[in-house]
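Right, I'll just put the structure down here and ask away after.
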Amino acid sequence: MFSILLSRIGQSALTLIAISFAVFAAVFLIGEPAALYDPLVREDPARLAALRAELGLDNPLHIQYARFLADVMSGQFGQSWVYQEPAMKVILERLPATLELVGCAIAIAFCLGYPLGLISGLKKPSRLSAAIERVAVLGYSAPTFWVGLVLIYIFAVGADALPSIGRGDTIQILGVRLSVFTADGLSHLILPAVTLSLYEIGYFTRMISTMTEETKHKTFISFAHAKGLPMRRVISNHLLKAVSAPLVTIVAIETGALIAGSVITETVFAWPGVGKLLVDSVAALDRPVIVAFVILTAMAFLALNLLADIAQMLMDPTLRPKRVAA
Amino acid sequence: MLKIHDLNLSFENGQSSAHILKDFNLTVTAGEIVALVGESGAGKSTVGAAIGGRLPPGGKIMSGSITFNGERLDSFSPTQFERIRGAEIGSIFQNPLSALNPFETAGRQLIETLIIRGGVARRSARERAITLLRRVGFDDPEIILPRYPHELSGGMLQRVVVAIALSCDPSLIIADEPTTALDVSLRNGIIELLRDAAEASQIGVLLITHDVSVVQAAAHRVCILHKGEVIETGATSDVLANPRHPYARRLISSVPPPTGKLKRLQNPPLSTLQPNSLRLDRNDSRAATGVVLQDVSVRYAGKRNIFLKQTTDLYALKNVNLSAAPGRILGIVGSSGSGKTTVARLIAGLADPTAGRITFTHAVEDKSGGSANAPTVDEAVASPTDAPLVQMIFQNPFASLNPRYSVFRQLIDAPKKVAGMSRADAEDQAVTLIEAVGLARNDLDKYPHAFSGGQLQRISIARALSMNPSLLICDEPTSALDVTIQAYIVDMLKDLNDAFGVTIVFITHDLSVCRHLCDDVVVLNRGEVCETGSTLDVLDAPKHRFTQRLVLNSNVCQRIDDRKAQAIKGAGSPNAGGTDDGELLSRIQSA
Amino acid sequence: MTALVPHIRAMSFQRLAQSAFGRWLARYNEDRFAAVCLSVTAGFLVIALAGPFFALHKPGDLAAIELADSMLAPLSKSAIGDVRYVLGTDVLGRDILSMAIFGLRTSLGVAFAATGGALAIGCVAGLAAAHAQGAAAAAIMRTVDIFLSAPSILFALLFISILGRGAENTVLAILLVQWTHYARAMNAAATAELKKDYVAAARLQGFSATDILFRQVLPNCIPPISVILAVQFGFVIALEASLSFLGLGLPITQPSLGGLVADGQEYLMGGAYWISILPGSILLLLVFCMNVVGDRLRVLQSPLSARGGTC
């Protein structure tokens with residue numbers, strides 16, 4: 001088991017290196033690398049030449065890549081052109097807001113999607129389950145930005161009950177500023193979180209419904225019935241266990257996917273997170289921030305995938321190495 | 001104790017309804033094993049489902065009654081079924097690996113039944129479980145309890161399933177094909193468990209199976225089901241010795257007898273293969289083709305242990321020497337994992353050996369009239385101008401044909417495109433072939449999904465013959481089929497061999513089929529050749545230890561009586577060394 | 001002669017109905033909800049193709065716009081007194097319905113172009129990788145896995161930051177993101193089919209490798225690919241809309257549904273919901289219908305439905 005873990009970590013590291021090389025190629029080979037710095041410098045040829053020498057751009061490629069890699073590992077991505085601050089700092093400042101939003105959205109999606117999916121899967125085929133499924137499809141077909149605007153229209157414009165822009169008051173917990181624990185923060189958080197979660201509610205419901213339906217037809221469920229277990233026990237002990245193992249992986253991966261969805265939601269609600277930062281950076285072509293974002297996101301996804309694999313290995317006995325060669 | 005009287009059952013699916021069981025009658029008394037025999041689709045599993053209240057949606061009892069210990073099961077509600085399931089009716093399913101929850105340990109699944117259904121107190125449940133496991137033949141039950149299903153072998157798992165079935169002291173056990181998924185050597189153990197349960201605890205057993213030899217070994221009475229109707233019933237020995245109904249006679253005669261060697265299994269012959277059926281002219285100088293494997297090995301790289309820098313190598317085949325003489329039928333037998341399929345793929349050219357040589361041989365026609373048997377001419381495989389000489393029939397009939405093309409297309413494609421036959425010739429040949437394998441002309445326009453397994457396998461044979469092969473490899477072609485279809489195909493292959501001189505390599509795990517079909521046999525075990533020779537020599541007088549074990553295990557009746565005699569003499573428990581279970585157990589104990 | 005026309009038409013309908021496609025369509029239509037969704041999708045295509053002839057305002061045609069008719073709610077009276085703006089007008093008096101039709105054209109155009117290219121590249125790559133089975137194949141599939149492990153929009157944004165903005169670059173960016181879906185689906189399907197016995201039988205019969213790939217394996221890969229295609233087509237429409245909404249997709253000069261929604265956002269707070277919400281509803285409907293169609297396709301090809309019932 002240990003060796004499997006090591007090999008997975010090794011694979012992730014290799015993938016990260018491959019991605020870093022791809023980014024290096026994209027940024028340093030396609031574009032003018034000196035453009036990584038202050039645009040004002042670019043206009044002055046003398047300063048540009050001096051900067052190029054200073055940056056070591058006259059060095060052979062592999063040395064440049066090595067320096068790039070070293071910089072990445074120590075977290076230096078250069079200065080953001082827009083904010084005139086280290087790119088890493090810019091990103092880290094906004095990360096808690098996004099994590100808070102994503103966390104709430106996943107929680108909502110899971111709490112709604114799990115029971116709905118379970119009921120739908122158990123009751124298939126029936127009108128109820130068909131209805132639940134159709135609504136779920138509607139949920140993940142709706143464009144996120146549209147959902148946000150509809151919610152704003154209903155609650156902010158129509159009912160004037162909830163704010164439509166920005167983040168509310170925050171309090172500091174363990175060094176991180178969170179807004180979910182303040183009333184004002186909560187009122188600002190509701191609409192964006194619901195918007196972001198809608199896609200996932202639909203997705204979870206469908207996924208769990210399908211998994212439940214497949215599992216309930218499996219032979220070991222019939223056998224559990226046949227050996228005399230009451231329905232409640234069959235569902236709680238046998239069916240749910242079978243469904244939960246792959247579920248953990250799905251939740252982990254979807255959490256990552258939500259970081260993407262947050263790009264749109266944060267733009268609609270002007271939520272000060274990394275998603276909005278990314279959009280602004282792409283619009284302004286703020287390369288240092290984009291590069292930093294890519295590398296950090298890649299690391300985050302690789303870590304999430306690794307965690308998902310580990311969780312699955314823990315929960316699914318068939319994936320663990322056998323104790324006896326059978 | 002169980003009495004089914006004039007039961008009529010049908011399945012309704014929207015508009016259509018199928019009458020599955022017609023005026024079905026069956027009784028099981030305490031301590032008696034009643035076998036319900038029939039081929040696939042006859043309705044046997046439906047009977048088990050109806051008794052256990054497990055009818056799928058759409059299943060309806062039209063008339064008749066199911067009486068169990070005085071209660072009418074046919075009018076039971078789901079809650080009433082919950083009361084008797086497990087406690088009074090135990091169940092054994094076909095595939096133990098899928099019957100058990102893969103996420104729970106075997107022990108917990110047994111203990112769960114004891115506590116919830118058997119009313120056993122939590123504290124004493126573990127002890128009861130251990131006693132039960134001992135009763136089903138485990139020497140060291142403590143090892144089994146914490147193991148997950150995928151860590152145990154099929155035979156061990158089925159014993160656990162039997163333990164679960166017995167756990168609440170039921171008065172009836174419904175065993176639905178309990179031995180079908182197991183190797184022959186493990187089959188006997190389960191049969192013996194059922195016999196013990198019936199005799200010692202006076203439990204009635206309804207044994208649902210399609211395997212006539214299991215009936216012979218295990219059942220007191222037998223009931224034969226054909227298309228939903230009981231066509232014959234009575235004491236096992238009576239029915240099997242003197243079947244009256246024509247289908248019953250066909251069924252029983254289709255089972256290859258364990259001794260002797262028949263010319264054909266079914267009389268009259270059903271296949272109509274004639275020498276002029278095939279249009280392709282084979283080069284006359286290649287009248288018959290054989291194949292020789294010399295020192296052939298197939299090696300896989302095993303798991304690599306990075307830390308110890310070792311690679312354990314796995315051998316699918318190790319230094320195998322075997323040959324199929326031209327114009328004869330060679331059988332390759334062995335249990336699963338012995339390398340039989342690898343041999344098939346090597347001969348077909350679908351895989352290459354990592355060591356050794358494969359050569360094709362021809363019998364040279366003796367100018368004086370007879371034909372020399374010793375191969376004298378070695379020729380390379382398939383020179384570009386010749387039609388392929390090797391064709392193959394595969395184990396899974398459902399994957400053997402391309403689902404998107406009609407049968408007709410698949411019979412004429414290769415002759416036309418590869419062999420250059422004219423369209424008219426190819427079409428004529430297709431018609432002749434489809435009728436020769438016992439199907440109708442208008443079956444040609446249908447698609448594979450419209451056919452049953454046996455029909456698909458016959459179409460595969462027709463397709464193989466369309467290229468006029470000189471060597472035909474059959475990789476367990478009948479393992480998934482009913483016994484009457486199996487007999488049909490075995491006879492057809494014999495006719496092929498007689499009429500055309502096609503060399504046949506027939507791979508199987510069923511020794512009795514091998515006995516009647518094959519001229520020579522090779523016995524494989526774990527990639528190595530144990531024994532070769534003519535079929536009757538090897539099977540009647542086996543020399544190698546493994547062959548002896550194989551022959552002994554496949555001979556069910558004798559084996560059961562032997563074991564009983566041994567048990568009386570106090571010679572040891574059912575899984576003392578020698579069987580695969582025993583080896584596995586000893587490995588667990590030493591791990 | 002004219003009497004024959006209905007006869008000929010009836011004959012060709014009959015032929016169509018009895019053909020393989022006709023029978024498949026009949027089976028598809030057994031689920032009426034899915035049938036409706038398929039018709040709606042077809043309807044959208046028709047509107048996109050024929051709509052410009054009926055649209056009130058064409059983009060760039062400033063003469064037809066009445067400033068007096070600005071900011072009208074749907075189905076309200078225009079300055080002249082008639083009801084002509086079914087979906088209302090924007091701040092300049094442009095008919096929302098017309099803009100939506102042209103936006104639909106653009107969105108569908110981008111979706112077809114990107115999906116078509118992605119399908120071609122992805123299928124070839126997936127098929128080649130399944131056949132070749134070497135180190136290069138493994139490398140391709142690893143790349144595919146990496147692309148598929150993170151959400152598409154992130155990659156799309158990344159590509160746009162490298163390529164720059166504009167219509168062609170948007171199509172290209174989406175294409176580069178999407179080909180991986182088809183590559184993986186095709187690879188999985190082809191690898192599974194190549195293991196099946198009928199492929200081995202075809203090899204033994206003497207067919208060449210290309211023959212086997214294209215005539216035996218490929219036709220059997222179409223059903224799973226068609227499911228992915230339906231779902232991904234809807235996804236591409238949503239992706240392009242999202243990019244245009246963010247201002248990073250199609251330029252403002254080219255009308256797109258996402259862009260319309262973005263333009264209307266500032267008027268939302270004032271109560272003029274129709275500028276944003278209605279074009280967005282069209283998107284919702286289109287993507288929803290494609291998802292339902294994709295689901296129906298998936299159900300149709302599962303083996304249970306092919307044989308229907310127990311054995």
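Numbered from 1 within each chain, the chains take letters A, B, ... in sequence-line order. Hydrogens, waters and symmetry mates are skipped; everything else that's a heavy atom, side chains included, is used.
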How many angstroms lie between CG in C:Asp295 and CD in A:Glu133, if you round to the nearest 0.5 Å?
7.5 Å
Select one option (side chain, backbone, both, neither) describing which atoms of A:Leu138 are under 4.5 Å from chain C's heavy atoms.
both
Of the backbone (N, CA, C, O) and the side chain (C-beta and beyond), which part of C:Asp145 lies under 4.5 Å from a heavy atom of chain A, both, or neither?
neither
Is it the case that over 12 heavy atoms from other parts of the model lie below 6.0 angstrom from the NZ atom of A:Lys123?
no
Could you look at C:Phe245 and say if it's the side chain, the backbone, both or neither that has a heavy atom under 4.5 Å from chain A?
side chain
Look at C:Leu246, C:Ile153, C:Leu158 and state which one has the largest set of heavy-atom pairs under 4.5 Å with chain A.
C:Leu246
Distance from C:Leu283 atom CG to A:Ser141 atom OG, nearest 0.5 Å?
11.0 Å
With a 4.5 angstrom heavy-atom cut-off, could you sort out which part of C:Ser281 is near chain A: side chain, backbone, both or neither?
both
Neighbour count above 12 (heavy atom, 6.0 Å) for A:Met299 CE:
no
Using every non-hydrogen atom in the two residues, find where A:Val268 and C:Gln265 come nearest and quote the distance to one decimal.
O-NE2, 3.5 Å
Between A:Thr144 and chain C, with a heavy-atom cut-off of 4.5 Å, which part of the residue counts as in contact: side chain, backbone, both or neither?
neither
OG of C:Ser161 to CD1 of A:Ile290: how many Å apart, nearest 0.5 Å?
4.0 Å
Per-residue contact mode, A:Val294 against chain C (heavy atom under 4.5 angstrom)
side chain
Let me confirm one number: the OG-CD1 distance from C:Ser149 to A:Ile253, rounded to the nearest 0.5 Å.
8.5 Å
Top contributor to chain C contacts, counting heavy-atom pairs under 4.5 Å, from A:Phe145, A:Phe293, A:Phe301
A:Phe145
Measure up the A:Tyr153 and C:Tyr273 rings against each other and bin them: parallel (under 30°), tilted (30 to 60°), perpendicular (over 60°).
tilted
Polar side-chain atom of A:Arg134 near backbone of C:Val292 as donor-acceptor pair, under 3.5 Å:
no
Value rounded to 0.5 Å, distance of CG in A:Leu14 from CZ in C:Arg142:
8.5 Å
For A:Gly256 and C:Pro151, work out which heavy atoms get closest and say how close.
O-CG, 4.0 Å
Tell me, for A:Leu278 versus chain C, whether the close heavy atoms (under 4.5 Å) come from the side chain, the backbone, both or neither.
side chain
Are more than 12 heavy atoms from other residues, nucleotides or ligands located less than 6.0 Å from atom CD of C:Glu168?
no
Region of C:Leu268 that comes under 4.5 Å of a non-hydrogen atom in chain A
both
C:Leu157 versus chain A, heavy atoms under 4.5 Å apart: side chain, backbone, both or neither?
both
At a 4.5 Å cut-off on heavy atoms, which part of C:Ile277 comes close to chain A: side chain, backbone, both, or neither?
both
dist C:Met269:CE -> A:Ile165:CD1 (nearest 0.5 Å) comes out at 6.5 Å
Who wins among C:Asn291, C:Ile237, C:Ile160 for the most heavy-atom pairs under 4.5 Å with chain A?
C:Asn291
Heavy-atom neighbours of A:Phe155 CZ exceed 12 at 6.0 Å
no
For chain C, which of A:Ile19, A:Thr267, A:Asn305, A:Ile264 has the most heavy-atom pairs under 4.5 Å?
A:Ile264
